[in-house]
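The structure presented is a predicted model; accordingly, all values stated were derived computationally and were not measured. Residue numbers begin at 1 in each chain, while the letters A, B, ... track the order of the sequences.
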Number of protein chains: 2
Amino acid sequence: MLTFKQLRYFIAVHQHRHFGNAAEEVCVSQPALSMQIRDLEKELGLCLVERNARSIRITPEGEEIARRANQILREMQDLKDYAKHAASPLSGIIRLGVIPSLAPYILPKLLPALIKQYPDLQLNLRETLTASLVSELKHGTLDVILAALPIEEPDLEEVPIFEDHFLLAVSSSRNIDERKRMGADDLHGENLLLLEEGHCLRDQTLSFCGSIGQNQSANVGATSIATVLHMVAAGYGVTVLPEICADTEIADDRITLLRFAEPQPSRRIGLIWRKTSPKSEDYMALARCLRNVTN
Amino acid sequence: MLTFKQLRYFIAVHQHRHFGNAAEEVCVSQPALSMQIRDLEKELGLCLVERNARSIRITPEGEEIARRANQILREMQDLKDYAKHAASPLSGIIRLGVIPSLAPYILPKLLPALIKQYPDLQLNLRETLTASLVSELKHGTLDVILAALPIEEPDLEEVPIFEDHFLLAVSSSRNIDERKRMGADDLHGENLLLLEEGHCLRDQTLSFCGSIGQNQSANVGATSIATVLHMVAAGYGVTVLPEICADTEIADDRITLLRFAEPQPSRRIGLIWRKTSPKSEDYMALARCLRNVTN
DNA sequence: TTATATTCATAAGATATCCTGATCCTTATG
DNA sequence: CATAAGGATCAGGATATCTTATGAATATAA
């Protein structure tokens, strides 16, 4: 069996052209080094060093082997360097999945903070519906996901990040006093605009509103919150908007945001990973970072 | 210390995603493999495999390490292949030095025969004067040289290849009967044309002819036999020509070749290498091949 | 719920490998 | 001829590695 050690020793001999000095460089006795070189030559079936009472000489094949061995050792070192780099806390690759009703609003806050605090971290992002995220997380294609709790899978760990209150977005043309606190029953008869099937936000909205207005709205199925809000602005109906989206989306004064009466409805955003994942520590740190940017 | 074994075992795990099967592939027991993987992870300070009672999962870092490890093992295999290739008899690189009065005549015969018989052999050629060849041979820049014997260096081995008779090349305008056998004294008063200083052929010619004609010819010093023969053809004098050159050089009917009387003068061509060289066997085979093409 | 099977981890003892230190052999040098 | 230098060889002990047996955790089946 060809070993790394043999190559290392041979390279030392190649550099020093002297067994004794080479042995010193690799911190073994000269016989130990001689034996490894002998083994290497036997292994390769090839004479690498021409011994000659007074001095030694590397054969042409030895030169070629040394060249290749050097290349191999270099890559070996690269591998170790990569590992060392990847081993420092919150560094290396983390594959993060985020739900669509969160990604565009939280990532612009999260990414700059992460880069600043953990410059060695490389984040691979994926944005899709909760069901896919959970499946990919369990399958190992993702390392950690950011979604609405609860997921409640037995082998997944989940920690809450923040409580995202729901607001009611209505057309400004209605002239409703912004200070008014809405109740679920205020949605009676309203055309409730929703995201398409599969979005957790849609389900949360419906479960909060009960079956009220479901008949008018179930068939809307917009693909993004921005789309829904455009429809609200145009007067087609109302929608329930997570607070985290408010900053980004509401530059439009044709929309008025109304708070619900206490207890305000909300969704709980959390970070989820496999209980067996080796980087739980890192995900906890990621969770802290997320709490800081969402405070 | 990072070892190849660890990488090999890890790659098996990466492929099978199963410790038991991976262990089978690399022909060790499962605990042995587990321990090597554990050592590798400890060595790299990095979790590569996420264990999970029922199944295992390679971490993103593990994927990257596997990619690099594969690359390293591939190069390792290349190195072994190279060695195997180089180890077969008369294969690999041989650096051969040849004297100028031999190279153009013997190489066209030798090379095709060598390629046919030993397709794995790669010959690096160098053509220069004997003194340089011997020096480079002793220094290890060359592996074997083809020159006129004797060299008689204590640490060089020399084997004769063939006896190269000298012929006298004269202008055809002299109308000498080709059947006449010449003696050294027939060169009296002739303008003897010679190669420049340092060529063994020049020294051999002079030593055979004694000091006769030396006064006229010592200052000629042509750089090649072809040049000397052009001068003979043009009627400037005569020269002593090794028989091996005759085939190639004498397409010119302005030159007549005359044989010397017995004992015919000659040079003994031989193959020379370092006694300590690991490829003596190969050089013996090379010598046999040379004898075949010169018979 | 209990038994069984699967899968990786751990432990103990056997084995193979590797290293050290002493010594030998060959050859160059004064 | 004696000495020094440089690599090879050898014996014994230290390390590392392997195997077998067993354990622990969890999923699957009865």
Side-chain angles (χ1 to χ4, degrees), chain A residues 1-43 47-59 62 138-140 153-157 274-278, chain B residues 1-43 47-59 62 138-140 153-157 274-278:
Chain A
M1 180 56 49
L2 198 46
T3 72
F4 182 43
K5 196 175 350 187
Q6 291 165 354
L7 296 187
R8 222 164 47 91
Y9 288 8
F10 175 57
I11 285 172
V13 171
H14 179 258
Q15 284 171 344
H16 288 86
R17 283 174 162 70
H18 187 289
F19 278 59
N21 298 350
E24 196 169 346
E25 162 156 335
V26 298
C27 301
V28 292
S29 63
Q30 171 263 316
L33 179 126
S34 282
M35 282 192 275
Q36 290 296 328
I37 299 296
R38 180 166 52 68
D39 290 352
L40 176 61
E41 290 182 316
K42 198 154 77 184
E43 179 70 32
C47 179
L48 302 175
V49 185
E50 188 181 322
R51 284 86 155 168
N52 182 336
R54 208 74 198 144
S55 70
I56 65 172
R57 202 177 268 123
I58 311 291
T59 64
K138 289 168 77 175
H139 184 255
E153 288 276 348
D155 43 0
L156 295 185
E157 180 81 47
R274 291 183 300 280
K275 279 178 177 161
T276 54
S277 178
Chain B
M1 180 57 48
L2 197 47
T3 71
F4 283 125
K5 198 176 346 187
Q6 291 165 355
L7 297 187
R8 220 160 51 87
Y9 289 6
F10 175 58
I11 285 172
V13 170
H14 179 258
Q15 285 171 344
H16 289 85
R17 283 174 162 71
H18 187 288
F19 278 58
N21 299 350
E24 197 169 346
E25 162 155 335
V26 298
C27 301
V28 291
S29 63
Q30 170 265 315
L33 180 126
S34 281
M35 282 191 279
Q36 290 296 329
I37 300 296
R38 181 168 48 69
D39 289 352
L40 177 61
E41 290 181 317
K42 198 155 75 185
E43 179 71 31
C47 179
L48 303 175
V49 185
E50 188 180 325
R51 285 88 157 166
N52 181 334
R54 206 75 198 143
S55 69
I56 65 172
R57 203 175 267 123
I58 310 292
T59 65
K138 289 167 76 174
H139 185 255
E153 287 275 349
D155 44 359
L156 296 185
E157 180 83 46
R274 291 183 301 279
K275 279 178 178 160
T276 54
S277 178

What is the distance, to the nearest angstrom, from the [atom1] atom on [X] to the [atom2] atom on [N]?
{"X": "B:Asp39", "N": "C:dA9", "atom1": "CG", "atom2": "C1'", "result": "13 Å"}
{"X": "A:Leu33", "N": "D:dA8", "atom1": "CG", "atom2": "P", "result": "9 Å"}
{"X": "B:Phe19", "N": "D:dG23", "atom1": "CZ", "atom2": "P", "result": "21 Å"}
{"X": "A:Arg57", "N": "D:dG6", "atom1": "CZ", "atom2": "P", "result": "15 Å"}
{"X": "B:Lys138", "N": "C:dA28", "atom1": "NZ", "atom2": "C1'", "result": "14 Å"}
{"X": "B:Tyr9", "N": "C:dC8", "atom1": "OH", "atom2": "C1'", "result": "17 Å"}
{"X": "A:Gln6", "N": "C:dC18", "atom1": "CD", "atom2": "P", "result": "7 Å"}
{"X": "A:Ile56", "N": "D:dA5", "atom1": "CD1", "atom2": "P", "result": "17 Å"}

Of B:Leu33, B:Leu48, B:Leu40, B:Val26, the residue whose pairing with B:Val13 passes side-chain contact (heavy atoms from CB on, under 4.5 Å):
B:Leu33
Looking only at side-chain atoms of [X], point me to the closest of [options].
{"X": "A:His18", "options": "C:dA9, D:dT19, D:dG7", "value": "D:dG7"}
{"X": "B:Met35", "options": "C:dC19, D:dT19, D:dT17", "value": "D:dT19"}
{"X": "B:Gln30", "options": "D:dG7, D:dC18, C:dA9", "value": "C:dA9"}
{"X": "B:Lys5", "options": "C:dC8, C:dC19, D:dC18", "value": "D:dC18"}
{"X": "B:Arg51", "options": "D:dA8, C:dC18, C:dC8", "value": "C:dC8"}

If only atom types and distance count, is the side chain of B:Arg51 paired as donor or acceptor with the main-chain N or O of B:Val49 below 3.5 Å?
yes
Return whichever of A:Pro31 or B:Val28 has its heavy-atom-nearest nucleotide of DNA chain D closer to the 5' end.
A:Pro31
Measuring only between side-chain heavy atoms, which start at C-beta, is B:Phe4 closer than 4.5 Å to A:Leu2?
no
Measure the shortest side-chain to side-chain distance between A:Arg274 and A:Leu156 over non-hydrogen atoms and say whether it is less than 4.5 angstrom.
yes
Looking only at heavy atoms, what is the nearest atom pair of A:Lys138 and A:Glu153, with distance?
NZ-OE1, 2.8 Å
Do any side-chain nitrogens or oxygens of B:Ser34 fall under 4.0 Å of OP1 or OP2 in C:dA9?
yes
